[in-house]
Structure formats: structure tokens, C-alpha cells
Amino acid sequence: PGGVLIVDHAGRCVMANDQAARMAERFSHAGSSDGAGGVAAMLELIGEPVARAVKGQGFRDALLESAFDATRRVYAVSGEPLRGDSTGWTAELAAAVVVLDDITERTEAASALARALDQTRYLIENTPLAVIEWNREQVVTLWNRRAEELFGWRAEEMLGRRVDRLPIIDDEDTTQIAQMIARLVESGTRHAKSSNRNRTRDGRSLCCEWYNSMLY
């Protein structure tokens with residue numbers, strides 16, 4: 001499924017498979033029936049890494065982007081030096097092989113995930129509710145701004161501590177909270193609500209409702 005180009009010592013294409021020719025049609029200088037103009041345009045856009053491959057240094061970190069008929073495609077490009085007669089190409093003719101992998105869907109999925117994470121972070125930091133996240137080891141990994149305001153401890157003071165040993169927990173409610181945590185972790189329960197007392201840094205006692213959701 002990948003586009004494959006073989007280039008000579010000058011970085012010129014000496015062979016392109018059908019997929020590479022189809023990819024080349026999406027680039028600005030494509031126009032000839034064999035797609036050669038588009039291939040040249042692609043190689044020009046990735047000239048620096050291809051030059052490295054020709055000199056003997058492989059690469060896997062190049063990206064190539066095209067916009068054709070209002071459609072955007074993204075290609076991951078890798079290249080390796082090509083040497084020896086066993087390939088069917090003489091050392092004088094063949095210098096490097098370049099492979100193009102269409103990663104458009106992967107890239108779009110990653111962008112969508114990044115947007116969703118940004119939205120989630122925004123909601124967590126701007127909700128009027130205190131939000132605390134902890135992992136399977138019961139270690140706190142998130143303590144939002146409202147939690148700082150409500151309880152008085154800054155995030156850096158609470159991250160890395162066990163949730164069942166936080167100073168916000170009233171001594172008389174430790175057993176209840178431990179049971180709630182065990183129910184969530186061990187029974188597969190996805191949601192649990194509890195009402196308990198919480199302490200603030202300045203010594204006040206708050207009656208709070210905890211809405212607990214497991215993340216999978």
C-alpha cells in the first residue's frame with residue numbers, strides 16, 4: 001500500500017511504483033501522463049532528508065502534505081540507502097529507496113483526540129466542582145483549580161499522594177471512603193456516590209457529595 005521511489009545519486013527518481021505515481025498526481029507539478037512531474041515535485045519537497053539517504057544516512061521523520069481538489073492528505077516518509085547489485089540496480093544508478101505511507105486518517109484521529117483532550121482539560125479547570133483523579137494505585141494524578149480553592153492545598157502538594165490518605169478526609173470517614181474505593185476498583189462498578197465530611201487546610205469541616213466515576 002505504500003508509495004515506493006528509487007532515486008539516484010542526484011536525487012532523481014529512477015523508478016516509482018503505481019501507488020507512488022497515484023500519490024504524485026496530487027502534487028502541484030503533476031500533469032504528464034506518467035506522473036513524473038508530480039514525483040519530481042514530491043522529491044523537491046523532501047529534498048533534504050532524501051539527500052541524507054543518498055549519502056548513506058536513513059531517515060524516518062519526514063512528513064509530506066498535499067491539498068488537491070480541496071482534500072488534504074498527509075504522508076509519512078522514510079528512506080534508506082540502497083547499495084549492491086543484488087537489488088537489480090547497479091551501485092552507480094541506485095542510491096536510495098524512499099517509502100511514502102498515507103497517514104491521513106491516523107493524523108486526523110490524533111488531531112480529534114487532541115481537541116477532545118483540550119476540551120476536557122478546559123472543562124476540568126473551569127468547572128465549579130472540585131475534580132480529583134487517581135490511578136489504580138490510588139495515587140492522585142489530578143487536582144484541579146477548584147479543589148485548590150475549596151480545600152486550600154495546592155495541586156503540587158497533593159499530586160503523588162494516596163487518595164485514601166489525603167488530609168481532606170475526616171478521620172471518622174476513612175473506613176467509608178476506603179469501602180467506596182474498593183467497590184469501584186474491585187467490583188467493576190462504574191459509578192458511586194458518597195456523602196462524607198471533608199476538612200480544609202484552615203481547619204473548617206465541609207459536608208461534601210462525591211461523585212465517583214471509573215475511567216477505562
Side-chain angles (χ1 to χ4, degrees), residues 1 46 48-49 58-67 70-78 100-216:
I46 52 174
E48 193 275 331
F59 68 92
R60 297 181 181 275
D61 55 354
L63 286 177
L64 191 57
E65 212 173 305
S66 74
T71 304
R72 173 178 171 270
R73 307 300 297 180
V74 181
Y75 306 99
V77 188
S78 58
L100 300 97
D101 180 24
D102 191 330
I103 60 168
T104 306
E105 282 71 25
R106 244 185 298 161
T107 302
E108 290 174 349
S111 296
L113 177 59
R115 287 195 298 273
L117 289 173
D118 285 343
Q119 290 171 340
T120 302
R121 291 189 189 101
Y122 179 85
L123 291 172
I124 287 173
E125 285 305 318
N126 291 279
T127 178
L129 304 175
V131 179
I132 303 168
E133 183 179 289
W134 41 274
N135 60 24
R136 288 191 65 87
E137 287 69 45
Q138 300 183 29
V139 172
V140 175
T141 57
L142 185 149
W143 183 271
N144 77 340
R145 185 181 304 132
R146 181 57 180 147
E148 291 184 333
E149 295 169 353
L150 191 63
F151 300 118
W153 283 275
R154 297 189 306 277
E156 55 265 32
E157 298 176 281
M158 306 303 268
L159 297 180
R161 302 175 71 164
R162 282 180 60 97
V163 67
D164 57 348
R165 298 175 187 169
L166 294 178
I168 67 171
I169 296 175
D170 189 279
D171 292 340
E172 295 184 13
D173 287 347
T174 54
T175 300
Q176 174 189 333
I177 290 174
Q179 290 173 345
M180 179 270 296
I181 291 173
R183 187 166 71 253
L184 284 168
V185 174
E186 297 170 8
S187 70
T189 300
R190 289 180 176 267
H191 308 286
K193 177 183 173 183
S194 63
S195 298
N196 42 265
R197 287 158 293 186
N198 291 130
R199 294 184 301 203
T200 65
R201 190 166 199 163
D202 59 9
R204 290 176 294 121
S205 181
L206 306 176
C207 294
C208 297
E209 287 184 332
W210 286 26
Y211 297 86
N212 308 280
S213 300
M214 292 296 288
L215 302 178
Y216 292 90

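We're numbering straight along the sequence, starting at 1.
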Enquirer: Pairs under 3.5 angstrom only: tabulate donor-acceptor contacts from the side chains of residues 153-161 to other protein residues two or more places apart or in another chain.
Expert:
unit_1	atom_1	unit_2	atom_2	d
Arg154	NE	Glu156	OE2	3.0
Glu157	OE1	Arg154	N	2.9
Glu157	OE1	Arg201	NH1	2.7
Glu157	OE2	Arg201	NH1	2.9
Glu157	OE2	Arg201	NH2	2.8
Arg161	NH1	Glu157	O	3.4

Enquirer: Side chains of Ser194 and Asn212: does their closest heavy-atom pair fall under 4.5 Å?
Expert: yes

Enquirer: Does Asn144 reach the main-chain N or O of Leu123 with its side chain, forming a donor-acceptor pair under 3.5 Å?
Expert: no

Enquirer: Salt bridge check, Arg115 against Asp118: does any charged N sit closer than 4.0 Å to a carboxylate O?
Expert: no

Enquirer: Between Glu148 and Arg145 (salt bridge meaning N to carboxylate O under 4.0 Å), is one present in this structure?
Expert: no

Enquirer: Check whether Thr104 reaches the backbone of Val74 with its side chain - one donor and one acceptor, N or O, closer than 3.5 Å.
Expert: yes

Enquirer: Quick one: CD1 on Ile169 to OG1 on Thr175, what's the gap to the nearest 0.5 Å?
Expert: 11.0 Å

Enquirer: Would Arg73 and Ser66 count as having a side-chain donor-acceptor pair, cut-off 3.5 Å?
Expert: no

Enquirer: Would you say the side chain of Arg72 lies within less than 4.5 Å of the side chain of Thr107, judging by non-hydrogen atoms?
Expert: yes

Enquirer: With a 4.5 Å limit on heavy-atom distance, are the side chains of Arg136 and Val185 in contact?
Expert: yes

Enquirer: Find the distance between CG (Asn196) and CD (Gln176) and round it off to the nearest 0.5 Å.
Expert: 5.0 Å

Enquirer: Does Arg162 CZ have over 12 foreign heavy atoms under 6.0 Å away?
Expert: yes

Enquirer: Check whether any side-chain heavy atom of Asp102 lies under 4.5 Å from a side-chain heavy atom of Tyr75, and answer yes or no.
Expert: yes

Enquirer: Taking the side chain as C-beta and beyond, is there a heavy-atom pair between Leu166 and Phe151 under 4.5 Å?
Expert: no

Enquirer: Can you name the closest pair of heavy atoms from Ala192 and Leu184 and give their distance?
Expert: CB-CD2, 3.8 Å

Enquirer: Is a side-chain donor-acceptor pair under 3.5 Å present for Trp210 with Asn198?
Expert: yes

Enquirer: Taking only residues at least two apart or on different chains, which pairs with a member in residues 171-186 satisfy salt bridge (charged side-chain N to carboxylate O under 4.0 Å, His left out)?
Expert: Asp171-Arg199, Glu172-Arg197, Asp173-Arg197

